[in-house]
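Following this message is one structure expressed as structure tokens.
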Amino acid sequence: MSTAALHAEHDAHHHHKESFISKYVFSMDHKMISKQFLITGIIMGILGMGMSLLFRLQLAWPDEQFSILEVLLGKWGAGGKLDPNFYMGLVTIHGTIMVFYVLTAGLSGTFSNLLIPLQLGARDMASPFLNMLSYWFFLTSSVVLCISMMVETGPASAGWTVYPPLSALEKAMPGSGLGMTLWLVAIALFIISSLLGGINYISTVLNMRTKGMSMNRMPLTIWAFFFTAVLGLLSFPVLLGAALFLIFDRSAGTSFYLSDIYLDGVGALENIGGSPVLYQHLFWFLGHPEVYIILMPALGITSEVISTNARKPIFGYSAMVISLMGISFLSFIVWGHHMFITGMNPFLGSVFMILTLIIAVPSAVKVFNYLTTLWKGNLRFTPAMLFSIGLVSFFISGGLTGIYLGNAALDIQLHDSYFVVAHFHLVMGSSAIFGMFAGIYHWYPKMFGRMMNNTLGYFHFWITFITAYLVFFPMHFMGLAGVPRRYYQFTLVKEFDVWMDVNKLITVAAIIAGAAQVLFIYNFFYSIFRGKKAEQNPWQSNTLEWSTPVEHIHGNWPGEIPTVYRGPYEYSRPDREEDFYPQYIPDETSTDPLKSTKAAPAPDTKEPEVEPVNSVFFSALKRVFGWS
Amino acid sequence: MLLPFVAMAQTATDVVQPPKEFNPAGWDWAFIAACALTVLIILVIARAFDIGSLTEKVTGKKVIGWTKVNAWLAIIIIIAGAAGITYEMIYHGKLILLNDSASEHGKTIDSMFNWTFGFTFLVFCITEILLFWFMFRYRYREGEKALYYLHNNKLEVFWTIVPAIVLTFLVLRGFNTWSRITDPSKVSKDATQIEVYAYQFGWKARFAGDDNKFGESNFTFISGTNPLGLAVGAEVDSLMAELKRDISKIDILLASAADSSRVWQTALRDLEAKQNTTAYPEVYKDVLTKATDARTGAYVRNLNKDKKRKQTNLWRIAEYKKNKDFFNNAANDDKITTEIVLVKGKEYVFKFRARDVIHSAYMPEFRAQMNVVPGMATQFAFTPIKTTAEARKDKNNKDFDFHLYCNKICGAAHYNMKIKITVVATEQEYKEWLATQTTVVAPPVVETPEAPKTDSVAPATDKTVAVIHN
Ligand code: HEM
Ligand SMILES: [Cu+2]
Ligand SMILES: [Cu+2]
């Protein structure tokens with residue numbers, strides 16, 4: 001506590017001149033780091049989306065030649081035809097980029113960095129230096145992943161889950177050579193980045209809240225980032241372990257995952273006693289929490305955006321926090337639902353099925369709470385609001401199909417089919433991307449001091465929303481008809497011929513969706529320079545970040561850090577003229593010493609804060625974890 | 001290997017000879033142009049709307065009320081969504097595999113699906129309609145104030161309990177269905193076993209021969225002529241001889257490693273001196289790799305690795321050979337086939353074995369799937385209840401066949417890794433088919449004084465099965 005305070009002091013009083021390098025490149029300011037994460041994430045997102053369009057071309061017109069493929073991919077698109085190995089590579093890197101680079105680092109990295117200090121009233125992160133390292137590890141990792149696309153034998157191609165033995169044996173497929181090594185290096189760097197970020201987020205949330213900002217007055221965004229960071233901190237090291245074992249198997253001759261293998265052109269291998277299923281356990285121990293690492297920040301952003309733009313308190317604040325907590329806890333004990341038919345003991349499958357379906361309950365609670373928040377609201381349709389509503393829609397459609405896939409009996413039929421592709425693209429892909437868009441549109445004025453263009457935002461929303469459904473909804477039917485995923489081409493199975501027109505529809509919709517993103521990218525970069533200048537609190541929001549000046553300063557607030565007097569969602573209070581009541585406005589009628597204006601605001605965070613604990617739940621938390 | 005050739009650089013060499021029929025001025029340029037045009041049009045329209053909103057500010061008159069537009073779009077989404085989903089259900093819904101299971105247990109899966117669909121579809125409709133209805137109904141109105149509504153414990157408990165009850169129901173049903181399907185102890189003793197074997201990229205099935213017993217197998221026995229690695233004495237002996245030959249070959253290569261290194265270095269210097277590196281890029285690359293490997297010692301290291309691997313293999317086989325129970329000739333009359341034939345109404349256990357990487361045996365028509373994992377035995381038991389002929393009639397498609405697909409990414413030809421399953425009506429048809437399949441080892445020719453019954457005895461053409469090894 002005291003070091004944090006000292007640090008804040010230091011930042012507040014030294015406004016040294018910054019060079020270009022220290023301001024824009026090796027910046028330690030959380031706001032700049034957040035922008036770095038965002039822009040890197042957007043660039044990776046463009047790459048990931050571009051790849052999906054390339055392989056969608058292949059799926060829709062497998063017999064056509066596209067000279068663009070040869071231009072872009074060289075030998076992998078020789079003659080205008082996509083190479084089957086490279087198809088796998090594209091799918092793998094598409095998945096990796098979207099899951100890790102865009103929706104983990106790009107989403108959580110951007111908004112945790114931006115909002116944790118601003119919404120909690122801190123001058124910066126607990127450790128700005130580690131924060132900077134976190135970004136540079138992420139950037140290095142992105143560069144390594146991009147380089148892996150260009151090696152002679154192609155990128156990693158065993159799917160984003162890179163199951164051994166396929167990923168462990170160089171002779172099993174070309175992508176398992178140097179490309180796979182680089183993939184592992186990239187992921188190791190990525191994990192380091194995300195651990196550095198996570199430690200920082202957690203310590204900042206726990207230690208650096210401003211006076212009056214008790215845990216139960218934190219905006220739901222912060223709760224979401226907090227749980228996300230905890231999940232990451234507990235699960236990413238397991239992936240690092242899994243990756244290390246894989247590295248050993250690949251190059252040190254160990255047999256963690258390998259046993260009883262005969263490879264064409266090589267012969268019987270020496271490895272004996274390992275288990276490929278072990279890798280899957282380790283991978284999904286991260287893999288499942290990972291989908292919540294992706295989703296929870298998006299849900300947090302949505303809570304904030306919906307409440308602000310509905311001009312209405314979020315319905316059931318405690319229920320929202322408890323359901324986040326429930327989801328976080330449960331997400332660690334359901335990983336086996338990805339492995340029902342790996343040959344795992346069927347009884348274990350039953351246990352995982354039960355736990356998995358329990359997780360549907362807190363998810364349902366969140367949906368109902370969002371709906372009730374909208375009910376009798378006064379909805380302002382900013383683009384951010386529309387994207388948040390879109391998120392809720394995707395979260396419902398995609399979440400419900402999780403009830404099928406979590407049911408082991410149904411998973412026998414649905415596992416690895418296009419039904420799965422439909423499910424996760426809706427519930428984690430589209431939802432989280434929409435959450436990210438909502439966040440960008442909403443906090444753009446905070447990040448860049450200018451407004452994005454609303455009209456373009458509306459077009460962007462409606463086109464993306466409709467095409468996303470057109471792309472992913474029909475995939476349910478393909479999956480139910482037994483069409484497997486990760487197939488290079490469907491024309492070799494005549495039973496799948498009937499789906500070719502659907503494949504074409506999906507690809508056309510995907511191309512339109514891609515085109516709509518041009519609107520966004522144009523809007524984003526154009527507005528940085530030419531957008532309308534933002535007001536200080538353009539959405540009439542309650543939270544602390546809108547009390548900082550429009551022009552960024554080091555240390556966030558020019559004077560003292562504001563004190564917090566109430567929860568973040570006091571919209572449309574009947575006793576007030578205005579329909580919002582910012583957290584930092586003192587309450588004139590209250591006699592509570594902390595809430596009273598008469599008590600001079602204490603200089604920030606030096607004194608132990610008096611925390612009004614007004615619920616049994618939070619006091620229990622406090623007792624158990626010793627949080628202050 | 002040491003030089004990460006950049007794919008871009010590669011194009012330089014590969015583009016030189018494009019395939020003959022390749023036409024770079026194909027229609028896809030038109031296509032790209034169309035895409036670009038679409039983007040442009042969208043941008044222009046958006047810009048136009050924007051200018052509209054500018055005039056709004058200047059003139060003070062509302063040109064477009066975006067609140068209204070968005071609210072009405074929400075209504076349109078409800079209507080269009082309902083129409084789209086109805087269309088999908090009618091048009092594509094009839095193509096899905098539901099309520100037409102070709103296996104006994106599949107019916108329970110289908111019924112599970114129907115229950116789940118009932119609940120989820122109801123929730124889907126209610127929540128999505130509410131979402132967009134609220135969007136329309138509670139759109140922003142000047143001067144209106146939202147309801148200050150913090151929480152309602154009764155309501156929240158209600159919508160926690162109701163999903164919990166529904167899910168409990170689904171879980172219990174799912175649990176029952178799942179354990180009935182997968183519990184190995186529920187498989188009857190006389191279920192017929194079939195070994196299903198997966199490799200990059202294909203499937204083989206093995207049926208026990210007349211002795212009704214599978215021969216042993218092990219991955220160390222696999223060879224070109226013994227693709228499943230069965231414990232067949234003669235096969236394994238010839239594999240051992242081959243391994244020994246290979247090892248002595250490696251020894252010779254190792255002895256002359258220094259010489260060959262010199263040869264490659266010289267060749268490389270020659271190529272570079274004569275500036276043939278660009279004229280024969282393939283040759284140059286090959287020589288460069290070999291010379292580099294020789295220089296860095298990778299050549300010798302790899303030879304030694306290979307030798308050690310073969311020695312281990314040899315040693316393991318020798319150990320197995322000591323076990324007489326292993327080489328009990330049970331494999332000799334097994335039959336390896338490239339098609340699976342089943343009898344309707346009989347219970348089967350598929351025993352899965354993988355040669356190289358993980359595959360997955362996916363039989364959607366039978367609602368069956370199980371991963372095939374190297375080093376781990378897996379199985380799936382089911383009873384087909386529909387013959388191929390019946391399925392053809394049901395589907396009104398006389399070319400229809402059941403298939404087992406690979407459903408776990410396994411390499412470049414993953415998408416083309418399947419095996420046909422034929423379900424016949426009677427045991428007799430199955431026996432006739434099996435009789436046409438050759439045994440692993442040809443049975444000794446029995447001297448019979450009477451006229452040979454050619455129609456029921458399988459004519460063994462070769463010592464080993466004539467399987468296409470790809
Ligand atoms: C333009 C939008 C997108 C399109 C058209 C698209 C399309 C696809 C398709 C068709 C596949 C399956 C390929 C196959 O099985 O052969 C796929 C795989 C995948 N996609 Fe997307 N996708 C899009 C956006 C996203 C987003 C936003 C995410 C973020 C979660 C995502 C994550 C994944 C993952 C994890 C896979 C699995 C990769 C694998 O099988 O290893 N995609 N995508
Ligand atoms: Cu999961
Ligand atoms: Cu396969």
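Per chain, numbering begins at 1; letters A, B, ... match sequence-line order.
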| query | Does the side chain to side chain contact (heavy atoms under 4.5 Å, CB included) test come out yes or no for A/D416 and B/K408, once each step is laid out? | reply | CA-CA 7 Å; A/D416 266 350; B/K408 185 62 81 190; 2.8 Å; yes
| query | Under 30°, 30 to 60°, or over 60°: which ring-plane class applies to A/Y487 and B/H414, parallel, tilted or perpendicular? | reply |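 The rings of A/Y487 and B/H414 stand perpendicular, inter-plane angle above 60°.
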| Between B/N407 and chain A, which part of the residue has a heavy atom less than 4.5 Å away: side chain, backbone, both or neither? | both
| Looking only at heavy atoms, which two atoms of A/S157 and B/I409 are closest? And how far apart? | O-CD1, 3.5 Å
| Euclidean distance, B/N218 CG relative to A/Y262 OH, rounded to 0.5 Å |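 The distance works out to 13.0 Å.
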| task | Measure A/L386 against the heavy atoms of chain B and call it side chain, backbone, both or neither at under 4.5 Å. | result |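 A/L386 touches chain B through side-chain heavy atoms alone.
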| field | Heavy-atom pair count under 4.5 Å with chain A, highest-scoring of B/H151, B/R367, B/R309, B/M89 | value |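 Sorted descending by pairs with chain A, the first entry is B/R309.
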| In terms of heavy-atom proximity below 4.5 Å to chain A, should B/F117 be classed as side chain, backbone, both, or neither? | both
| request: On the 0 to 90° scale, with breaks at 30° and 60°, tag the A/F368-B/W159 ring pair as parallel, tilted or perpendicular. | output: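 The rings of A/F368 and B/W159 sit tilted, inter-plane angle from 30° to 60°.
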| field | Residue selection (most heavy-atom pairs with chain A, distance under 4.5 Å) from B/T220, B/I358, B/T177 | value | B/I358
| request: Establish, from distance only, whether the side-chain atoms of A/N407 and B/W178 form a donor-acceptor pair under 3.5 Å. | output: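 The answer is no; no qualifying pair exists.
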| field | Closest approach of A/L492 to B/K418 (non-hydrogen atoms, all atoms of both residues) | value |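 Scanning both residues completely, I find the closest heavy atoms to be O-NZ, 3.2 Å.
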| task | Under the side chain to side chain contact (heavy atoms under 4.5 Å, CB included) rule, what do B/F119 and A/I403 come out as? Steps first, then yes or no, please. | result | CA-CA 10 Å; B/F119 283 120; A/I403 296 176; over 6 Å; no
| A/P84 versus B/A412, closest heavy-atom pair with distance | CB-O, 3.7 Å
| task | Using non-hydrogen atoms and a 4.5 Å limit, figure out which bit of A/I463 sits close to chain B: side chain, backbone, both or neither. | result | side chain
| field | Residue part contacting chain A, namely of B/L95, when any heavy atom lies under 4.5 Å | value | both
| request: Measure B/V373 against the heavy atoms of chain A and call it side chain, backbone, both or neither at under 4.5 Å. | output: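 The answer is the side chain of B/V373.
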| field | Heavy-atom proximity to chain A below 4.5 Å, by part of B/M376 | value | side chain
| Hey, mind stepping through A/K312 and B/L147 against side chain to side chain contact (heavy atoms under 4.5 Å, CB included) and telling me if it holds? | CA-CA 7 Å; A/K312 198 163 171 283; B/L147 177 70; 4.2 Å; yes
| field | Taking every non-hydrogen atom, the tightest pair across A/A310 and B/A146 | value |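 Smallest interatomic distance, heavy atoms only, reads O-CB, 3.7 Å.
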| Just by modelled atom types, is the B/R141 backbone N or O under 3.5 Å from a matching donor or acceptor in the A/N378 side chain? | yes
| query | What residue, out of A/W499, A/F490, A/Y569, has the most heavy-atom pairs lying under 4.5 Å from chain B? | reply | A/W499
| Donor-acceptor pair, B/Q369 side chain versus A/H415 backbone, under 3.5 Å? |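 Yes, because the side chain of B/Q369 sits within donor-acceptor range (under 3.5 Å) of the backbone of A/H415.
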| message | Is B/T67 close to chain A through its backbone or its side chain, or both, or neither, when contacts mean heavy atoms under 4.5 Å? | response | both
| message | Is B/F158 close to chain A through its backbone or its side chain, or both, or neither, when contacts mean heavy atoms under 4.5 Å? | response |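 It is neither, since no heavy atom gets under 4.5 Å.
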| request: Against chain A, label B/F400 side chain, backbone, both or neither, depending on which of its atoms sit under 4.5 Å from a heavy atom there. | output: both
| request: Measure B/D399 against the heavy atoms of chain A and call it side chain, backbone, both or neither at under 4.5 Å. | output: both
| field | Region of B/R316 that comes under 4.5 Å of a non-hydrogen atom in chain A | value | side chain
| message | Can you tell me how the ring of B/H92 sits relative to the ring of A/F477, calling it parallel under 30°, perpendicular over 60° and tilted otherwise? | response |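 The rings of B/H92 and A/F477 sit tilted, inter-plane angle from 30° to 60°.
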| task | Mind ranking A/V502, A/V277, A/I272, A/L263 by heavy-atom pairs under 4.5 Å with chain B and telling me who comes out on top? | result | A/I272
| chain A contacts, top residue of B/M112, B/H105, B/E128 (heavy-atom pairs, under 4.5 Å) | B/E128
| request: Might you work through the side chain to side chain contact (heavy atoms under 4.5 Å, CB included) test for A/E495 and B/Y405, ending with a clear yes or no? | output: CA-CA 12 Å; A/E495 277 71 39; B/Y405 306 102; 3.9 Å; yes
| said: On a heavy-atom basis, which atom in A/Y458 and which in B/N70 lie closest, and how many Å separate them? | reply: CE2-ND2, 3.4 Å
| query | A/L182, A/L410, A/V365: which one forms the most heavy-atom pairs within less than 4.5 Å of chain B? | reply | A/L410
| field | Region of B/S360 in contact with chain A, defined by heavy-atom distances below 4.5 Å | value |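 It is the side chain, since no backbone atom gets that close.
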| Side-chain contact, heavy-atom cut-off 4.5 Å: A/L480 with B/L98? | no
| query | What about the rings of B/Y149 and A/F315, do their centers lie closer together than 6.0 Å? | reply |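 Aromatic pair counts; centres sit under 6.0 Å.
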| request: Can you see which heavy atom on A/L169 is nearest to which on B/D356, and at what distance? | output: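 Closest approach of A/L169 to B/D356, heavy atoms only: CD1-O, 4.5 Å.
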